[in-house]
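Take a look at the structure set out below.
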Amino acid sequence: MLFLSITGCCFLWLQMQPQIPNIGTHVIINQKLSGFGLQMHFQRAVPIAMDRAIKEIVTSIVQRSVSIATQTTKELVLKDYAMESDETRILNAAHLMVASLAGSLAHVTCKEPLRASISGQLRTSLQNLNIANEILEQAVQLVTNDNLDLGCAVIEQAATDKAISTIDTEIGQQLSLRRKHREGMGSTFFDANLYPQGSMGGVPEPLRPKPGQLSLSQQRVYEDFVRLPWQNQSSQSSHSMSAGVAAQSGNTGLPSTNGSVSGQVNPGYPVSTGYEGVSRPLEDITESNLAPHFSASSIHIR
Amino acid sequence: FGASSVSATKDRRMASVEHLVLELSNPDLRENALHELSKKRELFQDLAPLLWNSFGTMAALLQEIVSIYPVISPPNLTPAQSNRVCNALALLQCVASHLDTRMQFLNAHIPLYLYPFLNTTSKSRPFEYLRLTSLGVIGALVKVDDTEVISFLLSTEIIPLCLRSMEMGSELSKTVATFIVQKILLDEIGLKYICTTAERFYAVGRVLGNMVATLVEQPSCRLLKHIIRCYLRLSDNQSACEALRTCLPDMLRDATFSSCLREDPTARRWLQQLLHNIGVNRVPTLQGGGGFDHMMVS
């Protein structure tokens, strides 16, 4: 990469093997392919391609996302819970936040690289089949689009898992320090260093972190991380590994890599068959009343 | 009487701002609070520490940011969603600008959550507005000439992201993105970073050149001024200076932009200095090509 970025990498990065549970049962093999005798080839190729594509990018994406999310979570949670005496609450808030942030960052960052990687892997594995280029390309696009969300969900999950174990290490030390300190003092601990004289002066009473328990509405802010953003999108066809992905597409979950393929390679594939365009429409949404309140003057550059 | 009335007004205003900050942590009241606070942010100079130090406010603002990620690709950002997240970004800009909160803002790596927005390519207004507002946050960070800020940004993907906005953004986005690159270049480590490899220099040089070319059709004096400042700063580096002798657009050497320059003596002076720096009357370097030639992989 031209402008290499190493973003705040301050924890040991352990060799990570992505967990891809039975990806073969989750991949979608579009039924359009069966009309052209390609289905069997794709049944065999897609799970392998998905597995390779994910492995190709998951490590760097997860590393970056977890590194950023961990740092953010550590700073904000320790600041907000500086007066909290129950370490379980702190850790709980940190888990909710770091899982959501790392998962979101990983998902949004991996989408385009993963798209390219899946298509590339599919092309490579199918290039010897003697399929007309144009048809192969359309089929690759179709299958890539069908399975992209699945791959993103796998990477998001990997980031979420890694983030939780990482934040435990990162925050754990600080929390055990607090615990020792509290046990030694026999009183409620709060981190006086976080709020040196005066820095809290401007913050009025209802807005401050307070010693002891937080109000319900305060706790809720961190709990709200659970409903963000891909995890609970009922309106979109986002995949969830646990929710039986294969069922929702109308395609059967097919046995993965070991099926012996009886279908013949069909070189005399009729090119003229109406094959619908597979790429997603990218036209922009209609814009009606976007308030142009971002005027040139408000940006303040010299 | 006068003084106490002023102070009463101030107290009232402050109380209402505090109330709005409190409402930010309630999802049901948040949208309105974002709207009101982003309007008032200029009136209340200590809004930033309030936003930072109050419980859960930064967490709530981050939720606003990441909740938009799912509509980035495929691009489905509605004007209403764009407005709402831009109000949240305006508050982050406030935190980025304030001396007491800037370093904590950086240390929590919050600017990095804006990068997915800068990476978008849709030209629709909601996206254009989103990119512009995100650039505004980064612009607020670099405005203060703090080398720690520059170091942080250089450890991230900020340069390619700015170059992207300089290539495809609106005039205003281009201007803010160029301003950010200018501020990075003006820092010693920023200049060194860009000029460390020929590829980096030419990536920046090519985008600056393309912008100069588009200015012929769509003139913008303020954008031109930032571009000239970037070129002038690049000419402080010897290799870059050599390279500029061949790659500086001719339009900056002739009268193409004379009407803009007539209005702006500072820009005119910078351009004269730039042309002087790369001028032919300088002693050419001894080794053949000079510039970045010795660095290029053949």
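Bear in mind the structure is a predicted one, so any value in this text is a computation, not a measurement. Naming convention: chains lettered A, B, ... in sequence-line order (proteins, then strands); numbering from 1 in each chain.
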Whatever's closer than 4.5 Å to a heavy atom in chain A on Asp46(B) counts as neither

So, the part of Ile72(B) with a heavy atom under 4.5 Å from chain A: the answer is side chain

**Request:** Would you mind checking if Glu36(B) and Lys39(B) are paired as a salt bridge, meaning a charged N to carboxylate O distance below 4.0 Å?
**Result:** yes

Any ion pair linking Arg125(B) and Glu128(B) (charged N to carboxylate O, less than 4.0 Å)? no

By side-chain hydrogen bond (donor to acceptor under 3.5 Å, both in side chains), Ser16(B) pairs with (sequence neighbours left out) Lys40(B)

Heavy atoms of Ser25(B) and Ala60(B) approach each other most closely as CA-CB, 4.5 Å

Bottom line for Ala93(A): the part with an atom under 4.5 Å from chain B's heavy atoms is neither

